[in-house]
Amino acid sequence: MPELRQNFFTKEWVIIATERAKRPKELARQQPAKRPAAFVPTCPFCPGNEDKTPPEVLRLPAGDNGPWQVRVVANKFAALAREIQPVRTAHRSRRSIAGFGVHDVIIETPDHSHVTALLTDAHVANVLRAYKSRYDELSLDPRIAHITIFKNHGLDAGTSLEHPHSQLIAAPVISSQVRGRFQVAMQHHDEYGECMFCQMISEEMAEEDRIVMTTEHFVALEPFASPTPFATHIFPRRHMASFGDTSAVEIVDLARTLRKVLGKLYHGLGDPDFNYTLRSSPAELTGVKYFHWYVSIIPRLTRVAGFELGSGMFINTVPPESAAEFLRNVKTEAAGAVSGL
Ligand SMILES: [Zn+2]
Ligand SMILES: [Zn+2]
């Protein structure tokens with residue numbers, strides 16, 4: 001029977017359409033995407049072309065001019081500009097702010113042909129350390145209201161550059177979507193005296209049906225009202241509103257969890273296009289008791305069509321319980337054997 005389910009946080013309704021249920025294999029890419037060469041001379045992110053990117057902000061391992069694993073540079077085609085001030089103007093119905101902000105590119109590996117799922121855990125930990133270092137630094141800037149870290153993998157996820165990279169955009173405002181969701185979370189905390197995410201995580205861990213994997217510090221699960229097939233969330237098991245509060249030990253554990261989940265998607269669904277985003281509290285709300293940061297991974301297996309555009313409701317043809325069971329059973333090969341680093 002089809003079922004309508006409501007997301008506890010966004011309050012959006014989703015139709016879980018079991019009648020049209022697709023088996024995971026039907027959604028998988030039939031022929032794995034052709035991997036490019038390890039080095040592309042014209043690619044600005046490949047080693048040797050460091051002078052073709054805007055100035056470097058950070059590199060790991062830190063230090064001299066030795067080989068790098070991860071580089072952070074300013075985005076050449078930045079959506080927002082760091083050298084201007086966020087001056088506001090308001091005139092009746094028209095409000096605007098000069099486009100101040102920071103737009104970084106995190107180059108995840110020198111190897112053009114790599115995918116995150118096939119890097120080592122230690123390498124992914126360096127990518128996460130680069131995220132956190134930039135996140136921590138930018139959170140201290142009083143002009144920054146909200147920082148979004150995200151990755152687009154594949155054409156359907158909006159990638160324009162093949163070389164593995166993620167991005168960070170620090171904006172001077174908080175979107176009304178984020179404000180609205182925080183309002184819901186705050187109200188829940190006022191009414192029940194607990195974080196709605198902590199509550200959900202403990203219920204899901206007790207029930208197990210939608211759990212993909214757990215580690216000492218993190219849990220990966222398919223949301224109960226998952227809007228799209230194989231949408232997967234990774235939550236820290238202890239309460240934390242901000243990604244910036246993640247400890248060094250937790251970063252290592254998150255790297256293992258993220259790589260493994262991406263590995264399950266890569267091997268189980270034939271390297272699907274995907275986006276992931278870190279959903280963390282705005283800088284001014286670090287430490288609040290009512291919000292819990294998480295990583296949201298959205299494989300791009302289906303397209304948004306007329307019904308979704310018209311109603312704001314999604315139809316998901318893979319019940320999250322089936323998606324979780326499928327992913328639990330996908331074996332990911334041992335990391336390290338594949339990476340040359
Ligand atoms: Zn490259
Ligand atoms: Zn919590």
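Just so you know, ligand 1 is whichever comes first in the structure, and atom 1 is the first atom listed for that ligand.
The CD atom of Gln187 sits 7.5 Å away from atom CD of Gln183, with the distance rounded to the nearest 0.5 Å.
The angle subtended at the Zn ion (ligand 1) by SG of Cys46 and ND1 of His163 is 110°, given to the nearest 10°. The ND1 atom of His292 and the SG atom of Cys198 meet at the Zn ion (ligand 2) at an angle of about 110°, given to 10°. With the Zn ion (ligand 1) as the vertex, ND1 of His112 and SG of Cys43 span 110° to the nearest 10°. Vertex the Zn ion (ligand 2); arms to Cys195 SG and His239 ND1; angle rounded to 10 degrees, 100°.
Of the listed residues (Arg259, Lys151, Arg129), just one forms a salt bridge (charged side-chain N to carboxylate O under 4.0 Å, His left out) with Glu108, and that residue is Lys151.
Taking the ring centroids of Phe8 and Phe197, they lie under the 6.0 Å cut-off.
Closest approach of Ile251 to Leu128, counting heavy atoms only: O-CD1, 3.8 Å.
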